[in-house]
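Right, one structure below, let's go through it.
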Amino acid sequence: MTVVTRAARGGDVESLARFWYENMNHRPGLEGWRTIAHSPWYERPPNHGWIAVEEGRIVGAMALLHSNRKLKGRNEKLCNIGSLYVLKSFRGRGLAKSIARESTADETVTYLGIDAAPQTRAVLEPPDVGFRILDDSRFVWRPQTPPRGDDMELAIGDRVDRRRWPPQDRRLLDDHRPLGMLPLTARAAGRECRLILWVRNKSSSTLYYEIFYASDYECLGTMAGGIADRLIGDGGVLAVDARFFCNPPPDADKELLRQPRHYKSSRLAPADIDLLYCEVPLLGLKIS
Ligand SMILES: CC(C)(COP(=O)(O)OP(=O)(O)OC[C@H]1O[C@@H](n2cnc3c(N)ncnc32)[C@H](O)[C@@H]1OP(=O)(O)O)[C@@H](O)C(=O)NCCC(=O)NCCS
């Protein structure tokens, strides 16, 4: 019997969500998987993922979470890839590679993979699929006393006044706040930095305040120590991917990511690509 690989359409959303729920992981619930097949921020996306189908039955799939962003003053199309799964009896015949290659062939789109296990790397990195390493390390700041940055003011979570965020950032906040992400505004020395964070314990039990978005990374570099001191208790760290800094920021330690991030783009440089609009908060994932 022939297996066909193709884009998932609106009519595939329910069976695709069930495919992931029944075969990959029960934990996000069927409703969680529905959000992966149809993200809450995009009513009519170009597709709902990519699937391998035999006789009308899904036997393999990859999530494609599309978003539109204004980056570097241009409208850019982005797409987070994830949740790659092929049924056991269909493995080892190139299906995952076909799905990954065909679904990421649009050169007007920047594709991003956040947390690639070794078996996913084997699918993404061959030249005919074409993903490259976006980042393999992060900077972390541990809280200190007395707090750094005397004149720093923070607004965190519900205390962030969304009306004071510029319209472009307000949209990011409105799309991510319902997903359980934490907004923060830091002000010091007449400058402002707006952040959107994902807060999760990693397996090491350290609580990571992971920055998925910063309005200004140069400003973040100077403020991060003071933010960590006011935001985070013992055993926590403030963290951000290393690609956003040309030089190591002050007071930061560098850590290797257990699993790297990947990208495929003919339009954007690594430092233009942040972690928003991805599957992580939809599935409640810890990232490595
Ligand atoms: C990972 C997975 C999607 C691969 O599917 P597949 O259709 O068998 O993969 P392909 O046949 O297209 O193989 C592509 C490449 O990956 C390699 N590969 C496949 N499974 C691998 C594994 N477990 N470890 C290392 N490499 C692996 C293959 O050898 C092949 O490399 P090659 O082109 O150099 O020969 C499938 O094994 C799976 O669903 N696993 C469980 C879910 C999972 O781990 N998902 C990824 C993390 S979310």
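When a ligand or atom number is given, it counts from 1 through the structure's own listing order.
The immediate protein surroundings of ligand 1, defined as residues with any heavy atom under 4.0 Å of it, consist of M24, L84, Y85, V86, R91, G92, R93, G94, L95, A96, K97, Q119, T120, A122, V123.
Legend: residues meeting side chain to side chain donor-acceptor pair (under 3.5 Å) with N80, ordered by chain and number and at least two apart, are absent. Under the side-chain contact (heavy atoms from CB on, under 4.5 Å) criterion, L256 pairs with S137, sequence neighbours left out.
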Show which side-chain atoms of residues 247-255 pair as donor or acceptor with protein atoms under 3.5 Å away, not counting sequence neighbours.
unit_1: D251; atom_1: OD2; unit_2: R148; atom_2: NH1; d: 3.1
unit_1: D253; atom_1: OD2; unit_2: R142; atom_2: NH1; d: 2.9
unit_1: E255; atom_1: OE1; unit_2: R138; atom_2: NH1; d: 3.3
unit_1: E255; atom_1: OE1; unit_2: Y208; atom_2: OH; d: 3.0
unit_1: E255; atom_1: OE2; unit_2: Y208; atom_2: OH; d: 2.9

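In this structure, R261 fails the cation-pi test against F131, since its NZ or CZ atom is not both closer than 6.0 Å to the six-membered ring centre and inside 45 degrees of the ring normal.
In this pair, H176 and W41 present their aromatic rings parallel. The plane angle is below 30°, not in the 30 to 60° band.
Side-chain contact check for E54 and T2: no donor-acceptor pair (N or O, by modelled atom type) lies under 3.5 Å.
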